[in-house]
Amino acid sequence: MDWLRRNLVVIAGVLVMVYILVPNLVVMIFSFNKPGGRYNYQWTEFSLDAWLHPCASAGMCDALGLSLWVAVASALVSTVIGTAAAFALGRYRFRGRAATNLLVFFPMATPEVVMGSSLLTLFVAMGVPTGQTTILIAHILFTLSFVITTVKARVASLDPALEQAAADLYATPAQAFWKVTFPLVAPGIGAGALLAFALSFDDYIVTNFNAGATTVTFPMYVWGASQRGAPVQVNVVGTVMFVGAIAIVGIAQAIGARRRKVAQ
């Protein structure tokens, strides 16, 4: 019992991680399956067909390309704007700052159905035709709050004495920012950008409201295909995205560990 009490937190953490990762492992395993029918729910036999022919399913790669383009573009725009807004909210005191912080929180608390329908109403009222442009605008709007929140938390943890020390060493404001502030805030900016990319790539509800009749993103394709049997290539895309995310996090952790070792 003493051993159990000492390691209870570790055991709980391991169980939570297993619970989170099991669905991803199932997706990975079934990406190598060759289903006998339309549905990829039962293991039939090992096959590399889906990996060798990822675009065999009509329209899937087009939908995937659109989702990647929208995710990258919205992540870049929301990261630039969100980083600037995070510095303004985290560093400066101005009239309306509390109200601005509240407004930033609203998109994260608003249900996606409400946000998607509201944006559609706005676009229709303005006469903007739905399609890739409206999807991109919608994704920037709802990912911006997450970037601001992530970067602002990093900005708030900075020690102002570091910039003051740089100024004492005759660094210009630009030099102090790029040599001192930006490297310290970079992990938060990177985390915000990755979060914005993941949220944009994965979104279905807001996208479905603001997509045109011929505009189909990858989540919309998967939803439509699931009604008649999603192809195995969907599992391949999910596996690549999951492994890629793990690789990015692993590389970032390795670089951080190496820098800490050099600093010591």
Side-chain angles (χ1 to χ4, degrees), residues 23-24 26-28 30-35 37-41 49-79 107-108 110-147 193-245:
N24 295 283
V26 172
V27 170
M28 295 174 62
F30 276 82
S31 68
F32 297 98
N33 186 32
K34 186 175 182 180
R38 294 185 301 170
Y39 299 98
N40 188 24
Y41 297 156
D49 290 345
W51 285 90
L52 296 176
H53 305 92
C55 295
S57 180
M60 194 195 77
C61 283
D62 293 334
L64 177 61
L66 176 59
S67 286
L68 290 174
W69 176 81
V70 171
V72 171
S74 62
L76 288 175
V77 175
S78 61
T79 299
M108 295 187 293
T110 303
E112 290 191 32
V113 174
V114 176
M115 180 177 293
S117 59
S118 300
L119 286 170
L120 176 61
T121 303
L122 175 64
F123 292 138
V124 171
M126 295 178 62
V128 179
T130 55
Q132 296 185 20
T133 303
T134 54
I135 292 175
L136 179 60
I137 294 173
H139 283 208
I140 292 172
L141 288 175
F142 82 80
T143 58
L144 186 59
S145 296
F146 293 92
V147 175
L194 290 176
L195 181 60
F197 175 87
L199 291 171
S200 174
F201 183 84
D202 185 61
D203 182 77
Y204 171 80
I205 299 176
V206 175
T207 305
N208 189 49
F209 272 103
N210 297 279
T214 60
T215 308
V216 179
T217 62
F218 185 69
M220 294 173 64
Y221 172 86
V222 173
W223 173 259
S226 63
Q227 301 177 22
R228 58 183 184 275
V232 186
Q233 284 80 2
V234 171
N235 295 61
V236 174
V237 174
T239 301
V240 172
M241 296 296 294
F242 175 72
V243 173

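Side chains included, hydrogens not; waters and symmetry mates left out as well; all remaining heavy atoms used.
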Ignoring hydrogens, what is the shortest heavy-atom contact between [X] and [Y]? Give both atom names and the distance.
X: F142; Y: M115; answer: CB-SD, 3.2 Å
X: P54; Y: C61; answer: O-SG, 4.0 Å
X: L144; Y: S78; answer: CD1-O, 3.4 Å

N/O donor to acceptor pairs below 3.5 angstrom from side-chain atoms of residues 194-203, sequence neighbours left out:
| residue | atom | partner | partner atom | Å |
| --- | --- | --- | --- | --- |
| S200 | OG | S74 | OG | 3.1 |
| S200 | OG | H139 | ND1 | 2.6 |
| D203 | OD2 | V206 | N | 3.3 |
| D203 | OD2 | T207 | N | 2.9 |
| D203 | OD2 | T207 | OG1 | 2.8 |

- Message: Measuring from atom CG of D62 to atom OG1 of T215, what distance do you get when rounded to the nearest 0.5 angstrom?
- Response: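 OG1 of T215 is found 12.0 Å from CG of D62.
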Which residues pass the side chain to side chain contact (heavy atoms under 4.5 Å, CB included) test with [X], sequence neighbours left out?
X: A63; value: V216, Y221
X: V113; value: I205, F209
X: P23; value: none

Can you give the donor-acceptor pairs under 3.5 Å from side chains of residues 128-137 to other protein atoms, not counting sequence neighbours?
| residue | atom | partner | partner atom | Å |
| --- | --- | --- | --- | --- |
| T134 | OG1 | G131 | N | 2.8 |
| T134 | OG1 | G131 | O | 2.9 |
| T134 | OG1 | N210 | O | 2.6 |

- Any pair counted as side chain to side chain donor-acceptor pair (under 3.5 Å), so long as it reaches residues 110-125, sequence neighbours left out: none
Which residues satisfy the side-chain hydrogen bond (donor to acceptor under 3.5 Å, both in side chains) test with [X], sequence neighbours excluded?
X: Y204; result: W223
X: N33; result: N40
X: W69; result: none

Donor-acceptor pairs under 3.5 Å, side chain of residues 230-242 to any protein atom, not counting sequence neighbours: which ones?
| residue | atom | partner | partner atom | Å |
| --- | --- | --- | --- | --- |
| Q233 | NE2 | H53 | O | 3.1 |
| N235 | ND2 | V27 | O | 3.4 |
| T239 | OG1 | N235 | O | 2.8 |

